[in-house]
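Encoded as structure tokens, the structure appears first; notes follow it.
In what follows, every chain begins at residue 1, and chains take the letters A, B, ... in the order their sequences are listed.
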Amino acid sequence: MSVERYNPKEAEPKWRQVWDERQLFRTDNADPRPKYYVLEMFPYPSGRIHMGHVRNYTMGDVVARYKRAKGFNVLHPMGWDAFGMPAENAAMANNVHPREWTYANIATMRDQLKSMGLSLDWSREIATCDPAYYRHQQRMFIDFLKAGLVSRKTARVNWDPVDHTVLANEQVIDGRGWRSGALVEQRELTQWFFTITRFAQDLESALDGLTRWPDKVRIMQKNWIGRSEGLLVRFALEGGDIPEVQVYTTRPDTLFGASFVAIAADHPIARKAAEGNPDLAAFIEDCKRTGTAQEIIDKAEKRGFDTGLKAVHPFDPNWKLPVYVANFVLMDYGTGAIFGCPAHDQRDLDFARAYGLPVKAVVRPEGADDDFAVSDTAYDGDGRLFNSAFLDGFGIPEAKEEVAKRLESHERDGFPVAERKVNYRLRDWGVSRQRYWGCPIPIIHCESCGVVPVPETDLPVTLPEDVSFDVPGNPLDRHPSWKHVACPNCGKPAVRETDTMDTFVDSSWYYARFTDPFLETEPTDRAVIDRWLPVDQYIGGVEHAILHLLYSRFFMRAMRATGHSGLDEPFAGLFTQGMVVHETYRGADGRWLQPSEIRISTEGGARRAIELANGADVEIGSIEKMSKSKKNTVDPDDIIGTFGADTARFFMLSDSPPERDVIWTEDGVQSSHRFVQRVWRLVNEVATITGIVKDDEAATELDAASLALRKAAHRALATAGDDIERLRFNRAVAQLYELTNALQAAAVGARQAAETGGIEDISADMRFALYEAATILVQLAAPMMPHLAEECWSVLGYTNLVAETPWPVADDALLVEDEITLPVQVNGKRRGDVTVARDADTTTVEAAVLALEAVQRAVEGRPIKKIIVVPQRIVNVVA
RNA sequence: GCGGACGUGGCGAAAUCGGUAGACGCAGCAGACUUAAAAUCUGCCUCCCGUAUGGGAGUACGGGUUCGAGUCCCGUCGUCCGCACCA
């Protein structure tokens with residue numbers, strides 16, 4: 001008997017249509033069952049999906065299908081992060097409107113995603129570039145503004161003078177714009193900011209409660225927020241008309257090691273001091289020109305310029321410190337001024353050595369003597385204070401406390417000399433972008449009324465269609481009519497804000513909108529959002545560990561503050577999946593070659609590649625992230641077209657743990673496809689042998705072989721369920737293989753036994769066990785290979801869909817063995833094993849162990865010191 | 001520089017309460033079926049000695065704790081990731 005090969009090209013569209021017709025994945029907000037919200041990071045519509053998407057969405061879909069089978073009301077939506085630069089770049093390059101380009105890409109990618117058989121509720125699809133979406137974003141912007149969560153201030157930005165646009169730090173490469181190649185300038189621009197710093201403390205503290213987030217991500221966020229506890233100290237100034245400078249320090253204990261004060265180049269005192277000092281002014285200009293590019297900062301020498309001002313030491317009016325303008329002091333952290341303690345800070349030490357300033361150690365490690373000094377490495381370790389007057393002998397924390405206490409209670413001009421201050425590295429989130437393809441900032445600038453929010457009834461502020469991209473700059477700004485409006489307040493002519501929002505804003509609340517995307521009047525329905533959120537399982541790339549996730553956490557809090565949500569945290573569970581990587585190939589002339597352009601053979605154990613076009617040798621290079629530039633990409637369409645979606649999905653789950661990179665290989669895909677075909681053959685074989693077996697045909701006393709198969713099936717069921725629950729898909733896959741191996745062996749055995757008398761000779765026991773095991777196999781496979789599972793399900797005679805069938809329950813009685821085999825060690829080396837009853841007592845086990853010939857041999861007649869019996873685990877004989 | 005993760009067969013990996021190292025898969029080898037090939041099925045597959053029963057070594061390296069260590073502790077080396085003049 002033989003069965004035709006499984007044909008995914010026929011079967012897959014068929015089942016997708018059935019799911020569609022029955023609206024199986026449509027989610028009802030009124031469904032009373034416990035909710036489960038699983039979400040994968042939505043894609044940017046770049047044109048086509050890539051293997052990274054396939055991996056990401058497959059993982060989410062396994063969870064969604066599994067939870068659905070477990071009886072949850074599952075929300076599993078999809079949308080498009082549809083605003084952004086690439087659409088404008090395409091517009092410039094191909095003279096196509098960003099909207100057309102974007103929606104064409106969405107259409108293509110939607111079809112591609114649908115061909116994967118994802119169990120998504122497509123009725124909730126949203127695109128962030130749709131006014132139906134961004135009108136709510138504009139509404140919230142205004143609400144945030146009224147709640148004091150939005151501010152407008154000047155900030156220094158990277159300005160590309162050719163493209164007329166602001167660049168993010170990562171878009172500045174070697175001091176030049178990534179697109180134009182022009183030298184980037186630092187410009188002061190008035191920008192809109194979300195005051196994320198308002199929540200800095202809460203964003204940090206709440207990380208501890210995100211127990212289902214990877215530690216790695218929590219640590220990264222914590223470092224990004226960068227909380228530090230320190231002291232603001234006022235130093236009186238002499239030698240000019242500026243009375244004092246305030247510095248921020250986290251090491252007030254080292255105050256007696258101070259040897260200078262340094263201020264940032266754009267510090268107001270520096271500007272003031274430069275007024276009568278052209279050399280200083282020139283130095284300051286020079287500092288500002290130094291790029292923000294990482295490399296430049298890394299290599300920059302510590303440089304400074306003595307202002308001539310003297311700072312008075314807070315504990316000694318006779319001790320005067322020189323005040324420098326220094327290139328390594330940042331204006332936007334702390335107060336933009338520091339006191340330098342060279343002995344205990346490497347930067348200060350480098351600076352002191354360059355300018356011949358004193359280096360006085362005031363903290364020494366435990367046990368060091370009075371000569372303790374620092375040469376070219378600052379000492380920032382633990383220790384005790386010395387050379388420090390009243391602090392001598394103090395530990396660092398006590399010294400900090402003592403300094404704070406003294407300076408706090410000491411007043412000058414009616415104010416305390418110092419004040420405790422918690423500082424954060426986190427900055428407010430600048431959201432202004434001088435671009436067209438983004439959400440318009442709903443603000444009108446009026447000469448009389450100032451900044452006026454667009455009235456709610458006038459929302460959305462939509463983008464004009466008639467724009468051109470043939471000249472650099474923001475099309476909104478140069479549009480002939482769009483920005484000119486009457487002031488909503490006084491009716492006089494006014495202009496719209498022409499900046500649009502950072503696209504990170506769009507993606508900071510899409511997960512919230514998914515809970516009720518049909519609601520037109522409000523961004524969210526409180527009754528609905530508060531029930532669906534937080535997202536139970538969020539899955540995406542680790543590259544969003546900081547910005548996207550932090551912005552989303554901010555947004556939830558801001559939405560709560562403005563009544564749009566009742567929660568603080570958007571994502572209860574987070575999983576960051578690894579990348580899809582692939583070998584690289586290069587021809588003799590160094591050209592990158594696509595996997596499809598070469599053939600690999602194995603000769604004498606060594607792999608060798610040749611170029612198909614000319615038979616020339618090809619160098620097999622390192623394994624790297626799939627990228628167009630290295631041509632090591634594989635198109636999901638090709639794979640799905642050749643092998644079907646189930647094969648692609650299954651391969652994405654196999655082998656590598658999901659958080660790690662997975663190497664795409666042709667052999668691996670073949671292997672997955674073989675498994676698809678094997679399951680198909682096996683299920684058909686079993687169906688032929690057993691026919692439909694009803695549950696109540698279960699025998700109470702099974703023969704040994706049938707019982708063993710049942711046990712294997714239920715063990716696989718219990719383990720694989722647990723694996724999926726914990727997102728350990730590679731282990732769940734292994735369970736599937738094991739069950740398939742066991743079922744196949746049993747089926748082959750049964751058929752051989754029956755060969756003499758015919759299929760009807762197979763015992764009822766075995767028929768039952770085979771049918772049950774096949775049923776479980778199909779159900780376990782269903783979340784991973786949903787189309788194949790439906791096809792197999794109907795072969796087994798079920799008339800419903802496996803996608804709407806509850807997850808099977810493992811029979812606990814089948815998970816325990818009556819007899820267990822314990823490994824036996826002698827002095828820690830394994831010498832054999834012993835099989836005993838599961839509940840055998842220690843004495844029985846010991847006797848059985850000592851009777852073993854292998855144990856006797858290994859003991860070699862030595863006296864037995866003790867026997868360690870670890871129940872259910874191991875026995876160790878110590879001799 | 002700071003912070004974090006990780007080093008297991010030819011390869012991807014299992015073994016996460018300290019208890020049989022290498023489940024499962026890939027590649028490879030041998031065999032069955034076939035005129036032949038593909039597909040499929042069966043067996044072998046960490047290394048060394050041995051025909052074999054068996055023995056020895058083995059989880060980056062060096063120490064330690066323990067009856068017992070891939071797992072815990074100390075040190076070294078290596079790889080990867082994040083942050084980076086944040087006072």
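Contact annotation for A:Arg227: no contact, since no heavy-atom pair falls under 4.0 Å across all strands. Heavy atoms of A:Ser671 sit under 4.0 angstrom from primed sugar atoms or phosphate atoms, though from no base atom. Residue contacts shown for A:Asn730 are limited to sugar-phosphate atoms, with no base heavy atom under 4.0 Å away. Across all strands, A:Asn876 comes closer than 4.0 Å to base atoms (heavy-atom distances). Among the protein residues, A:Arg218 comes within range of no part of the nucleic acid, since none of its heavy atoms lies under 4.0 Å from any strand. Using a 4.0 Å heavy-atom cutoff across all strands shown, A:Val329 reaches at least one base atom of the nucleic acid. Counting non-hydrogen atoms under 4.0 angstrom, A:Gln744 reaches the backbone sugars and phosphates but no base. Across all strands, A:Lys865 comes closer than 4.0 Å to no nucleic acid atom at all (heavy-atom distances). Among the atoms of the strands shown, base atoms are found under 4.0 Å from some heavy atom of A:Leu330. Within 4.0 Å of A:Asp332, counting heavy atoms only, lies no atom of the nucleic acid at all. Across all strands, A:Gln825 comes closer than 4.0 Å to base atoms (heavy-atom distances). If you check every strand for non-hydrogen atoms under 4.0 Å, A:Val878 touches sugar and phosphate atoms only.
For A:Arg660, taking side-chain heavy atoms from C-beta onward, the closest of the listed nucleotides B:rG56, B:rA13, B:rA39 is B:rA13. Here the side chain of A:Arg674 is nearest to one of B:rU40, B:rA15, B:rG25, namely B:rU40.
B:rG9: glycosidic angle within 90° of 0, hence syn.
Look at A:Arg873 and you won't find any side-chain N or O under 4.0 angstrom from OP1 or OP2 of B:rC17. Of the side-chain N and O atoms in A:Arg728, one or more sit less than 4.0 angstrom from OP1 or OP2 of B:rA15. Contact between the side-chain N/O atoms of A:Arg678 and the OP1/OP2 oxygens of B:rC41 is found at a separation under 4.0 Å.
Of the possible donor and acceptor atoms, one in the side chain of A:Asp661 sits under 3.5 Å from a partner among the backbone N and O of A:Met579. A donor-acceptor pair under 3.5 Å links the side-chain atoms of A:Arg353 to the main chain of A:Ser375, judged by distance alone. Side chain of A:Asp348 to backbone of A:Cys341: a donor-acceptor contact under 3.5 angstrom is found.
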What's the verdict on side chain to side chain donor-acceptor pair (under 3.5 Å) for A:Arg227 and A:Gln201, showing C-alpha distance, side-chain angles and the deciding distance? CA-CA 8 Å; A:Arg227 180 194 152 95; A:Gln201 186 56 62; 2.3 Å; yes
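The closest side-chain donor-acceptor pair between A:Tyr424 and A:Glu204, if any, does not fall under 3.5 angstrom.
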